[in-house]
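Notes follow once the structure below has been shown.
Just so it is clear, the values below take in all heavy atoms, side chains as well, and ignore hydrogens, waters and symmetry mates.
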Amino acid sequence: MNSNFDNFAKEELHEECGVFGIFSDGTINPAYACYNGLLALQHRGQESCGIAVADEGVIDYHKNMGLVSEVFNNAILDSLSGQMGLSHVRYSTAGGSVLENAQPLVMRYVKGTLAVAHNGNLTNAVEIRRTLEERGAIFQTTIDSEVICYLIARERLKCHTVEDAVARAMQQLEGAYSLLVMSPRKIIAARDPHGFKPLCMGKYNDSVVFASESCALDACGADFVRDIEPGEIVVVDNDGIRSIKPDFGDKKKAMCIFEYIYFARSDSNIDGVSVYEARKQAGRILARSFPVEADMVVGVPESGIDAAIGYSEESGIPYEKAIMKNSYIGRTFIKPTQKERMKSVRIKLNPIANMVKGKRVVIIDDSIVRGTTVDRIVTMLREAGAKEVHMRISSPPFLWPCYYGTDIPSRGELIACNHTIEEITKLSGADSLGYLPVESLHEMIGYAPVGFCDGCFTGNYPANITLEMFKGKERGGMEFKDKNN
Ligand code: AMP
């Protein structure tokens with residue numbers, strides 16, 4: 001293994017990203033549509049972003065580190081003219097946060113140019129890349145998306161169309177990918193056969209728009225048409241829209257349940273389920289499962305608020321906004337070290353002291369990962385004079401890492417792996433603690449017929465995890481649960 005490969009295997013185990021693309025009918029400027037779409041998807045990644053456009057067969061792009069509003073201005077957007085475009089916001093963990101890993105990836109090969117934007121993690125990228133490198137392939141990034149590019153380019157030499165090449169590449173890929181691919185004359189959207197990551201399609205007049213979440217369609221004025229189905233490839237070019245459904249065998253549908261709990265924006269609908277409704281429902285379930293006498297229900301902004309409203313509705317305890325969030329700093333997890341994370345939580349959230357003084361407070365957050373936030377929140381509320389602090393969490397305890405693209409770290413870092421709920425309650429200083437029961441996840445999404453992945457709560461992984469990936473995240477020698485399909 002060379003050092004580049006080492007970096008790839010070690011660092012690039014998770015990506016939480018957003019993708020947006022458009023094939024324009026001429027009534028909407030693709031670069032500006034991408035810009036608006038990316039602004040709406042900024043919560044999915046704040047490290048880097050980029051837009052690629054295709055103009056009469058030529059692909060041009062701009063990408064950089066930073067927020068969408070920092071990376072683009074009018075002059076840059078005006079320079080990106082074309083009939084279609086695709087774009088990307090990226091979030092990764094420490095180490096891989098460099099410009100070379102920013103997307104879209106734009107690649108020149110013997111058949112022309114390809115641009116690719118990818119959300120999700122492949123679970124066999126390490127193996128595919130090793131095989132390719134041993135045969136002389138050269139990679140310029142340390143992200144698994146480049147493996148996808150390489151496979152598409154290679155397959156394109158053996159078949160007639162890019163969509164066929166995408167279909168052939170998909171037969172070799174395992175894990176999570178919601179993908180946008182642009183060749184000079186068409187744009188292709190594809191979702192892995194399990195459908196781990198969201199991807200939907202909309203229309204603006206006769207322009208066709210693709211986005212990770214429906215909130216990005218709203219942002220550019222497009223109407224939602226439908227979700228891309230797991231294993232489906234949708235092609236748009238001057239001849240119209242075509243759907244291809246290659247045979248991937250019988251794969252379990254496995255939409256990431258954490259999209260509903262935390263990751264997606266509340267105003268999005270994913271696979272027919274309103275994210276806001278799911279979060280409120282989680283709050284109602286918590287109110288029934290862990291009732292308590294209290295004066296107010298408070299949500300940790302932003303992702304705890306919807307569940308807090310649900311808890312309040314169900315319990316009859318008034319909802320109060322008693323914590324302020326500074327919206328101008330990034331998500332806590334972006335800071336690479338534990339010490340840095342502690343600092344940024346304190347800067348980010350602040351209680352409204354006279355609201356909580358002398359009160360019994362039910363406080364709801366969406367999840368506990370390492371335990372940093374819960375600790376800070378309880379301390380903050382106590383320091384502000386709260387009489388009682390009852391913590392409710394609108395997800396089950398995280399017991400397993402995620403291999404498909406959500407930043408759920410190794411088991412050694414997951415507090416629920418190393419402590420009982422009683423111990424976590426004590427460590428956090430809360431008077432009580434209740435997690436959403438894992439068996440309530442179906443009820444949370446209103447029993448909608450959405451097959452979902454809850455591997456991070458149950459250890460039941462719907463798609464193969466290779467030993468290489470498993471070792472990268474496992475600590476403590478726990479049993480390796482692996483369920484194929
Ligand atoms: P922790 O402080 O380590 O226990 O993390 C819990 C907090 O991080 C919660 O307030 C969540 O809203 C947030 N969070 C949970 N999962 C993620 C994730 N994958 N990426 C970024 N933030 C997250």
Side-chain angles (χ1 to χ4, degrees), residues 16-20 40-41 43-44 119-120 176-178 189 191-202 209-219 222-232 234 251-289 299 302-311 313-314 364 366-367 393-396 402 404-406 408 435-458 460 462:
E16 293 178 357
C17 305
V19 298
F20 182 93
L41 296 174
H43 60 286
R44 299 185 70 86
N119 172 213
Y177 52 92
S178 278
R191 201 168 164 196
D192 70 73
H194 292 282
F196 280 109
K197 294 285 159 187
L199 188 61
C200 64
M201 179 164 79
V209 183
F210 298 104
S212 292
E213 289 182 41
S214 60
C215 67
L217 303 180
D218 302 340
D223 295 323
F224 175 85
V225 174
R226 66 177 178 88
D227 292 287
I228 307 301
E229 287 177 29
E232 184 183 8
V234 177
K251 298 275 195 225
K252 180 181 181 285
K253 293 213 170 109
M255 177 66 216
C256 168
I257 196 72
F258 201 54
E259 289 277 350
Y260 297 108
I261 292 168
Y262 169 81
F263 211 59
R265 234 169 71 163
S266 300
D267 52 341
S268 288
N269 287 290
I270 296 179
D271 288 348
V273 176
S274 150
V275 173
Y276 177 66
E277 271 307 320
R279 289 179 185 165
K280 254 175 87 173
Q281 182 65 2
R284 290 187 200 107
I285 298 167
L286 276 174
R288 289 196 296 272
S289 310
E302 298 291 331
S303 46
I305 289 177
D306 306 349
I309 294 170
Y311 195 105
E313 273 182 16
E314 185 74 20
I364 307 201
D366 63 279
S367 57
I393 303 297
S394 59
S395 65
C402 176
Y404 308 123
T406 299
I408 313 294
Y435 282 95
L436 187 81
V438 70
E439 53 284 358
S440 304
L441 290 171
H442 274 110
E443 188 185 348
M444 181 185 85
I445 56 166
Y447 299 104
V450 177
F452 57 79
C453 172
D454 57 9
C456 53
F457 306 125
T458 61
N460 293 327

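In this structure a side-chain-to-backbone donor-acceptor pair under 3.5 Å is missing from N119 to S178. The closest donor-acceptor contact from the side chain of T458 to the backbone of D454 lies under 3.5 Å. Here the side chain of S395 pairs a donor or acceptor atom with the backbone of D366 at under 3.5 angstrom. Checking side-chain atoms of R284 against main-chain N and O of Y311 turns up no donor-acceptor pair under 3.5 Å. Remark: the backbone N or O of G272 is not paired with any side-chain donor or acceptor of N269 at under 3.5 angstrom. For Y260 (side chain) and L441 (main-chain N/O), no donor-acceptor pair under 3.5 Å exists by modelled atom type. In terms of modelled atom types and a separation under 3.5 Å, the side chain of E259 and the main chain of I270 share no donor-acceptor contact.
Summarising the geometry of A278 relative to V273, their closest heavy-atom pair is CB-CG1, 4.4 Å, with the distance given to 0.1 Å. The two atoms that bring A264 and R44 nearest to each other are CA-NH1, 4.4 Å, heavy atoms only. Across all non-hydrogen atoms, the minimal contact from F258 to S367 is CZ-OG, 3.9 Å. Taking both residues in full, the closest heavy atoms of F457 and P396 are given as CE2-O, 3.2 Å, listed atom of the first, atom of the second, then distance. Residues G405 and E16 approach most closely at O-CG, 2.9 Å, considering heavy atoms. Counting all heavy atoms, side chain and backbone alike, S212 lies closest to V19 at OG-N, 2.7 Å.
The SG atom of C453 sits 6.5 Å away from atom NZ of K252, with the distance rounded to the nearest 0.5 Å. Here the OG atom belonging to S214 is positioned 14.5 Å from the CZ atom belonging to R226, to the nearest 0.5 angstrom. Here the straight-line distance linking atom CD1 of I445 with atom CZ of R279 works out to 13.5 Å at 0.5 Å rounding. Note that the SG atom of C256 and the NZ atom of K197 stand 4.5 Å from one another [nearest 0.5 Å]. Atom-to-atom distance recorded for E229:CD and M201:CE is 10.0 Å, nearest 0.5 angstrom. Between the OG atom of S268 and the CG atom of L217 there is a distance of 8.5 Å, given to the nearest 0.5 Å.
Side chains of H43 and E302: no donor on one and acceptor on the other come within 3.5 Å.
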| task | Begin from the C-alpha positions of M444 and I257 and carry the test side chain to side chain contact (heavy atoms under 4.5 Å, CB included) through to its verdict. | result | CA-CA 10 Å; M444 181 185 85; I257 196 72; 3.8 Å; yes

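Salt bridge present: K280 and E313 bring a charged side-chain N and a carboxylate O closer than 4.0 Å. A salt bridge links D271 with R191: at least one charged nitrogen is closer than 4.0 Å to a carboxylate oxygen.
Using a 30° and 60° split on the angle between ring planes, Y447 and H442 fall in the parallel class, below 30°. Ring planes of H194 and F196: tilted class, angle from 30 to 60°.
At a threshold of 4.5 Å between non-hydrogen side-chain atoms, the residues D192 and Y404 do not count as touching.
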